[in-house]
Amino acid sequence: TFIQPPQVEWASGALAKGPLLRKSTRIQDLIEVFADEPARQQLAGEHVVYDVEMLATSSAEGELYTGVTHLYPGHVGGEYFMTRGHFHARREQGEVYFGLRGKGLLLLQNEHGQARLENVFAGSIHIIPGFTAHRLINTGNEVLSALAVWPAIAGHDYAALAKGFTLRVFEENQQILVREVQNG
Ligand code: PA5
Ligand code: NI
């Protein structure tokens, strides 16, 4: 007679036991997201870069959304696979990420273009303040999965970052290389 709540399977990061929404983002969807656009065009467009699973919960003001991002390992022109990244449409709204499995970085950038990188690993907790754009980057050889909780009213603003973040992360000689980008 007890309610069976939705569940995240720690080992796989999969959401289960609840009504879910799913979205896959493929190489072909990520036009001009990576530094080397010709390299992106050479890759198989159907290849999935990341999947997002979300609990189908209320979108009313004050409610929270819960989702898991599964970001696959890979590169485009040496740049690690990453999410598109966004500000929230409601800029003041924050979000929390929890690392579930794999290894990577969370790129955070404020409205002045100042960026920082946090290590993401199983058990890591990331407080994303308001007015802060965010993008996951998979620097490992396995799937990077992270759970996110954010206000339902936050919304996504992808256009504000059309010029990109001010940091890009590459693999060079089996090492992580962070490059600053001039994108003014
Ligand atoms: O709410 C979030 O920030 C995440 O669930 C992201 O939406 C998810 O990681 C996919 O990234 P993006 O929305 O930048 O494509
Ligand atoms: Ni967000």
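Owing to the predicted nature of the structure, the values given are computational and were not obtained by experimental measurement. Whatever order the structure lists ligands and atoms in, that order sets their numbers, starting from 1.
Only side-chain heavy atoms of Y50 come within less than 4.0 Å of ligand 1; its backbone N, CA, C and O stay farther off. Proximity of H134 to ligand 1, defined as any heavy-atom pair under 4.0 Å, is confined to the side chain (atoms from C-beta onward).
As for H134, its N/O/S atom nearest the Ni ion (ligand 2) is the one called NE2. The name of the N, O or S atom in E95 nearest to the Ni ion (ligand 2) is OE1.
For atom 7 (O) of ligand 1, the candidate residues are E95, H86, R84; the nearest heavy-atom contact is made by H86.
Put simply, part of Y97 is less than 4.0 Å from ligand 1, judged by heavy atoms. The shell of residues lying under 4.0 angstrom from ligand 1, judged by heavy atoms, includes G85.
Annotation for ligand 1: atoms under 4.0 Å from non-hydrogen atoms of Y158 are 12 (P), 13 (O), 14 (O), 15 (O). Each of the following atoms of ligand 1 lies closer than 4.0 Å to a heavy atom of W150: 1 (O), 5 (O).
Between the side chains of E37 and Q41, at least one donor N or O sits under 3.5 Å from an acceptor N or O. For T57 and E63, the side-chain atoms include no donor-acceptor pair closer than 3.5 Å. H126 and E118 are linked by a side-chain donor-acceptor pair at a separation below 3.5 angstrom, with hydrogens and angles left out of the test.
For atom 9 (O) of ligand 1, the closest non-hydrogen atom on the protein side is T69 OG1, 2.7 Å. For atom 11 (O) of ligand 1, the nearest protein heavy atom (residue, atom name, distance) is T83 CB, 3.6 Å.
For D29 and R84, the salt-bridge test fails: no basic side-chain N is under 4.0 Å from an acidic carboxylate O. A salt bridge does not link E79 with R40: every distance from a Lys NZ or Arg NE/NH1/NH2 to an Asp or Glu carboxylate oxygen is 4.0 Å or more.
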Side chain to side chain contact (heavy atoms under 4.5 Å, CB included), that's the test. Do F34 and M82 meet it? Break it down for me.
CA-CA 9 Å; F34 295 91; M82 58 193 180; 3.7 Å; yes
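The Ni ion (ligand 2) has no N, O or S atom of H156 inside 2.8 Å of it.
Using cut-offs of 30° and 60° on the angle between ring planes, the pair H75 and Y80 is tilted.
The Ni ion (ligand 2) is the vertex of the angle joining NE2 of H88 and NE2 of H86, which measures 110° to the nearest 10°.
A cation-pi arrangement is absent between R168 and F165, since the terminal nitrogen or guanidinium carbon is not both under 6.0 Å from the aromatic centre and inside a 45° cone about the axis.
Rounded to the nearest 0.5 Å, atoms CZ (F131) and CD (E111) are 6.0 Å apart.
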